[in-house]
Amino acid sequence: MSDERYSFVVVSNRLPVDRVVDEAGNASWKQSPGGLVTALEPVMRAADGAWVGWAGQADVDLEPFDNAGIRIVPVPLSESDLELYYEGFSNDTLWPLYHDVIAQPSYHREWWDRYVQVNRRFADAVARISDDAATVWVQDYQLQLVPAMLRERRPDLLIGFFNHIPFPAYGIFSQLPWRTQIVDGLLGADVVGFQRVADAGNFSRAVRRLKGYATKTPYIDVPGVDGGASRRVIARAFPISIDTRSFEELAARPDVQERAAQIRHDLGNPKTILLGVDRLDYTKGIGHRLKAYGELLEDGRLSVEDVTLVQVATPSRERVESYRQLRDEIELTVGRINGDFGTISHQAISYLHHGFPREEMAALYVAADVMLVTALRDGMNLVAKEYVAARADEDGVLILSEFTGASDELRAALLVNPHDIDGVKDAILRAIEMPRQERRKRMRSLRKKVAENDVNHWSDTFLATLDGSRARIGWGGAEPLDALEWTIERPPRS
Ligand code: ADP
Ligand code: F6P
């Protein structure tokens, strides 16, 4: 076992690369999809630290290694860990619960027990490789117990946590049989970060209701154990973003621009290309989008000669039943729409169920006249920001669900309620018909936002806030505050 130690450690369930083994048994690494990796990869490439996480394959125990300038420290997960901790508790309990119960969460005690065990394994791995007084940044809902577990093992560490997905309102969160343990786990951090102001508010409220601790935005006062000094935790929003400049540069490359023109040509030179890019996940509202588009074709308000939809549906969590069902539903709908409205020369929908290199994603954004982001609930949605970054020509229209974190910043998009199918249909028509001048004005405003808040701004703000709490640790704990100033709710009687 290696005895490497680092002063900066990021830990997430998924690493930036997944290990894949081909039929001949040769192993290689491929980039893993998802917003967490998109955001953290540039941060880690620029930092001097280590990234701890699972290598994407069951039952392999790997030594630390370097990948594209990032030190990777793998944590092994067994086949049964994947079933109980990852597919079970993370993606069939927490994921639907935290996304406003769009799908029904399942509660199983053995899933919870394994979630605790695996979180402990991650905490042990981080505790082992962290230098004295190191900064540790724990990521996302799969690892919510790690902050408190780490604090117990290594009180010298500075611990941050960032939740990439929404944090639900108390009425929903309170369904979780292990709600108090989750809150205790998160309160082990010095700074708990969320995507939206509303998420941070939901968390503070859960703390008041479940623990009775005093809070005053953005602070939470956590009493010391056995009369020890109390700690002041910060809970606030840090909206995540992308590496705007490098995405812009990628999209501006001549080969990417040429590829975009080729895509338009290969699609039969339609007047309008609509684009959707999503992990195949029920939170993304892909079905709502297809319904709106299918109805526009049926009503005769759009024709496949003029308009085509490219839908990238990235494979995700394919062994979880709700994801399997979703894939069947979406593919049935795509087949129906193509069968009903397609012609020999023009398809209604080009459906792509696989991963792409970043160059191809950028070319798709450059080619698309209208980008459709119709998520029913989404922590942020980085695809929306990537589309904006790719449009240096100040053209293209973004249709954006108001239930995404991105809609807090990207107000110049055409904002829609994806449940309102007529509203989505109107927005699609409005986008297609929008005059160039209005497109330019909106895109300029969107681009300003994405340039101002890029991923460096996100990580710098988070880490500076975390560093600020190091100074407070030096005071020997938080000073007691005037109770009247604080919002206090008593925990429910049990
Ligand atoms: P989530 O984190 O829920 O997947 P986001 O929209 O925040 O959603 O981030 C998705 C990220 O994954 C984006 O950076 C997007 O470019 C990338 N991505 C999605 N689908 C693919 C794909 N098929 N191939 C390559 N990258 C993809
Ligand atoms: O951004 C939310 C998120 O769940 C990340 O935690 C994750 O990396 C990504 O989406 C993709 O999901 P998964 O890691 O389960 O494939």
Side-chain angles (χ1 to χ4, degrees), residues 10-18 30-42 51 53-57 77 82 85-92 94-96 98-99 138-144 161-167 194-195 239-244 246-247 250-251 275-286 310-320 322-323 351-365 368 371-390 398 400-401 404-407 410 455 458:
V10 158
V11 54
S12 62
N13 174 66
R14 197 174 279 286
L15 285 168
V17 281
D18 282 335
K30 81 168 174 39
Q31 158 108 15
S32 40
L36 182 150
V37 167
T38 298
L40 278 167
E41 204 183 23
W51 190 335
W54 170 57
Q57 197 196 347
L77 292 183
L82 284 187
Y85 146 80
Y86 172 71
E87 292 163 350
F89 198 76
S90 297
N91 289 321
D92 213 2
L94 293 174
W95 183 267
Y98 281 32
H99 287 87
V138 184
Q139 310 288 326
D140 229 354
Y141 63 100
Q142 300 95 341
L143 302 180
Q144 291 175 99
F161 178 91
F162 185 77
N163 201 46
H164 290 251
I165 68 172
F167 195 89
F194 297 92
Q195 300 279 27
I240 203 168
S241 195
I242 57 167
D243 188 349
T244 308
S246 80
F247 208 84
L250 174 67
L275 175 66
V277 174
D278 313 83
R279 274 185 310 100
L280 194 36
D281 193 299
Y282 50 80
T283 58
K284 302 288 184 181
I286 304 171
V310 177
Q311 177 63 58
V312 176
T314 314
S316 187
R317 306 172 190 166
E318 293 194 292
R319 300 195 313 190
V320 179
S322 45
Y323 285 75
Y351 176 80
L352 306 163
H353 181 251
H354 40 86
F356 291 102
R358 284 167 55 75
E359 288 78 1
E360 185 72 359
M361 300 300 292
L364 281 166
Y365 294 138
M371 180 82 213
L372 288 160
V373 176
T374 54
L376 307 178
R377 183 49 93 198
D378 205 333
M380 177 52 62
N381 197 283
L382 292 183
V383 161
K385 294 190 171 183
E386 288 175 347
Y387 179 64
V388 170
L398 174 64
L400 182 61
S401 161
T404 61
S407 71
L410 304 183
V455 76
W458 170 73

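Atoms within each ligand, like the ligands themselves, are counted from 1 in listed order.
- In this structure, S12 and Q139 approach most closely via the heavy-atom pair CB-CB, 3.8 Å.
- Looking at atom 5 (P) of ligand 1, its nearest protein heavy atom turns out to be L382 N, 3.5 Å.
- Taking the six-membered ring where the residue is Trp, F247 and Y365 present tilted rings, their angle falling between 30° and 60°.
- Near H354, the atoms of ligand 1 lying under 4.0 angstrom from a non-hydrogen atom of the residue are 23 (N).
- Scanning all protein heavy atoms for the shortest distance to atom 10 (C) of ligand 1 gives G35 N, 3.7 Å.
- Between atom CG of residue L143 and atom CG of residue N163 there is a gap of 10.5 Å, rounded to the nearest 0.5 Å.
- When hydrogens are left out, the protein atom nearest atom 12 (O) of ligand 1 is G34 N, 3.2 Å; that is the closest non-hydrogen contact.
- Contact between S322 and D92 at its shortest, heavy atoms only, is OG-OD1, 4.3 Å.
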Discussion item. Would T314 and D278 count as a side chain to side chain contact (heavy atoms under 4.5 Å, CB included) here? Give the steps.
Written reply: CA-CA 6 Å; T314 314; D278 313 83; over 6 Å; no
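- Looking at Y85, W54, Y141 one by one, the single match for side chain to side chain donor-acceptor pair (under 3.5 Å) with N13 turns out to be Y85.
- Residue contact check for ligand 1: E386 places a non-hydrogen atom closer than 4.0 Å to it.
- The aromatic rings of H164 and F162 lie perpendicular to each other, with more than 60° between the two planes, well past the 30° mark.
- Partners of P16 according to the side chain to side chain contact (heavy atoms under 4.5 Å, CB included) rule, which considers only residues two or more places apart in sequence or in another chain, are V37, E41, W51, I72.
- Atom 19 (C) of ligand 1 has its closest protein heavy atom at T314 OG1, 3.7 Å.
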Could you list, one pair per line, each nitrogen or oxygen of ligand 2 together with any protein nitrogen or oxygen closer than 3.5 Å, giving atom names and the distance rounded to 0.1 Å?
unit_1   : atom_1 : unit_2 : atom_2 : d
ligand 2 : 4 (O)  : Y141   : OH     : 3.4
ligand 2 : 4 (O)  : R317   : NH2    : 2.9
ligand 2 : 6 (O)  : D140   : OD2    : 2.5
ligand 2 : 6 (O)  : Q142   : NE2    : 3.4
ligand 2 : 12 (O) : R317   : NH2    : 2.8
ligand 2 : 14 (O) : R14    : NE     : 2.6
ligand 2 : 15 (O) : Y86    : OH     : 2.5
ligand 2 : 15 (O) : R317   : NE     : 2.8
ligand 2 : 15 (O) : R317   : NH2    : 3.2
ligand 2 : 16 (O) : R14    : NE     : 3.2
ligand 2 : 16 (O) : R14    : NH2    : 3.1
ligand 2 : 16 (O) : Y86    : OH     : 3.4

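- Only the side chain of V312 comes within 4.0 Å of ligand 1, counting heavy atoms alone; its backbone N, CA, C and O stay farther away.
- Annotation for ligand 1: atoms under 4.0 Å from non-hydrogen atoms of T38 are 11 (C), 13 (C), 14 (O).
- Judged by the shortest distance from any of its heavy atoms, E360 lies outside the 4.0 Å radius around the atoms of ligand 1.
- Closest to atom 4 (O) of ligand 1, if we only count protein heavy atoms, is R279 NE, 2.6 Å.
- Salt bridge status for D281 with R317: present, with a side-chain N to carboxylate O gap under 4.0 Å.
- Of the heavy atoms in Q31, none comes closer than 4.0 Å to ligand 1.
- Between M361 and ligand 1, a contact under 3.5 Å exists for no N or O pair.
- Of the N or O atoms in K284, one or more lie within a sub-3.5 Å distance of an N or O in ligand 1.
- Residue Y365 has at least one heavy-atom neighbour below 4.0 Å for each of these atoms of ligand 1: 16 (O).
- Looking at atom 25 (C) of ligand 1, its nearest protein heavy atom turns out to be F356 O, 3.1 Å.
- Of the possible donor and acceptor atoms, none in the side chain of K284 sits under 3.5 Å from a partner among the backbone N and O of A313.
- To the nearest 0.5 angstrom, Y98 atom OH is 10.0 Å from D140 atom CG.
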